[in-house]
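Remarks on the structure that follows.
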Protein chains: 2
Amino acid sequence: MTAFIGEFNCKLDEKGRLSIPSKLRAQFPEAVGNTLVVNRGFEKCLVLYTKEDWLDETAKLNAVDDFMSPDIRRFKRIFTNGANLVQIDGAQRILVPKKLLEYAELSAEVILVANGNKIELWDQAIYESELNVDAAEMSQLAQLFHQQRNQG
Amino acid sequence: MTAFIGEFNCKLDEKGRLSIPSKLRAQFPEAVGNTLVVNRGFEKCLVLYTKEDWLDETAKLNAVDDFMSPDIRRFKRIFTNGANLVQIDGAQRILVPKKLLEYAELSAEVILVANGNKIELWDQAIYESELNVDAAEMSQLAQLFHQQRNQG
DNA sequence: TTCAATTTCCCACAATTTCCCACAATCTCC
DNA sequence: GGAGATTGTGGGAAATTGTGGGAAATTGAA
């Protein structure tokens, strides 16, 4: 599994193209070729995967049997339905599908945040508010994390 | 895991480059190669890790599933936000990303403080005021530390 | 078929980053 | 203390990257 690192300020041009910072591009395994997968994130952001990692993710999803419940089927459908293949062009850019642009409310100033096998794409303003926590809230979050990790 | 020791006065040049003191460089395991990870610290400072140590840290985080809750995702984001790979150049320098320079309000005079697998990078003036505690406050802090450690 | 709209491909300029060299300062060893 | 080696600092030049926009190609609708 790939493990991407980095946070990058990027710009979307008028055509909705996002140029991938060379430092991030350099982290792609050779095998990636020129294809990525973009999907909606849970929050107001998009998520990029290599095609391989995306297939792994969906494989995990599909390991859960559809017979189980309507909710399972619904979740799988919704989760998968935003996914799009995108091509990296000669200038290391991808064209972000319009629907997804709108979903994540992306303006010209965006942020790419890599962590693990996911690369999140945020509008800069929204990202900053997402990260803006005061100390009290932070320690609450930490506590929650602690609990949930131990529940597993 | 690496265990760094030492405190060093350093200078940032006009291009935002930080030259790593040879005494610190000598503590890097061979395997580090020329790559480090810089991230925001909780306080107004930056933190350097070897890439390996950083991946260990994030692996612990990513062991908790993103599907679990929005708070989990948020916590992970806040924790990893700002991380960037940096290369050590031929003159044993790293280029500190502009965003992070601004975040930690670094001027030309900075301090590197090594502790465990982390190396903190502070603006000198800010660092000094951070360390400026009187005896009473110090013993109060120690008490707090003691309590919170035992609560775990 | 024709026209308009979108997409893809390509080129070019500007800004940044990287690489390299050189000098100054410091340290080390004799 | 002095000479040589190592380290810290600065800056110039080349290479790379980011960004914008134009033109060709493709698509879809009338």
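Per chain, numbering begins at 1; letters A, B, ... match sequence-line order. Reckoned from all heavy atoms, side chains included, excluding hydrogens, waters and symmetry mates.
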Can you tell me the distance, in whole Å, between the CZ atom of F8(B) and the P atom of dT9(D)? 13 Å
Between C1' on dC10(C) and CD on Q92(A), what's the gap in Å once rounded to a whole number? 14 Å
Donor-acceptor pair present, R93(A) side chain and dG20(D) base, under 3.5 Å: yes
Expressed in angstrom and rounded to an integer, what is the separation of N84(A) atom CG from dT7(C) atom P? 12 Å
Under 4.0 Å between any heavy atoms, over every strand shown, what does K23(B) touch: base, sugar-phosphate, or nothing? Just pick one. nothing
For the pair N84(B) (side chain) and G82(B) (backbone), establish whether a donor and an acceptor sit closer than 3.5 Å, ignoring hydrogens and angles. yes
For K11(B) and dT9(D), give me the distance from atom NZ to atom P, rounded to whole Å. 6 Å
State the pairing partner of dA22(C); accept Watson-Crick or G-U wobble contacts with both distances under 3.5 Å, and report none otherwise. dT9(D)
Identify whether any heavy atom of L12(A) sits under 4.0 Å from a base atom; if not, whether one sits that close to sugar-phosphate; answer base, sugar-phosphate or nothing. nothing
Rounded distance [0.5 Å steps], CD in E120(B) versus CD in E43(B): 7.5 Å
Using a cut-off of 4.0 Å on non-hydrogen atoms, how would the nucleic acid contact of L18(A) be classed: base, sugar-phosphate, or nothing? nothing
Between C1' of dG18(D) and CD1 of I94(A), the distance in whole Å: 15 Å
Nearest-nucleotide comparison on DNA chain C, the residue closer to the 5′ end among K98(A) and A91(B): K98(A)
If you only use heavy atoms from C-beta on, which nucleotide in dG8(D), dG10(D), dG18(D) is closest to the side chain of D13(B)? dG10(D)
Suppose we call a contact any N or O donor and acceptor under 3.5 Å apart; does that hold for the side chain of K15(A) and the base of dT8(C)? yes
Between NZ on residue K23(A) and CZ on residue F8(A), distance to nearest 0.5 Å: 7.5 Å
Can you tell me whether the side chain of R17(B) and the base of dG8(D) have a donor-acceptor pair closer than 3.5 Å? no
Taking atom P of dT7(D) as reference, at what distance in whole Å does atom CG of L24(B) sit? 13 Å
Whole angstrom is fine here: how far is it from CG in L95(A) over to C1' in dT6(C)? 10 Å
When you check the side-chain N and O atoms of K99(B) and N9(A), is any donor under 3.5 Å from an acceptor? yes
Rounded off to whole Å, could you give me the CG-to-P distance for the N34(B) and dC19(C) pair? 10 Å
For dG2(D), the Watson-Crick or wobble partner whose two distances fall under 3.5 Å: dC29(C)
So F42(A) and F79(A), would you call those rings parallel, tilted or perpendicular, with 30° and 60° as cut-offs? tilted
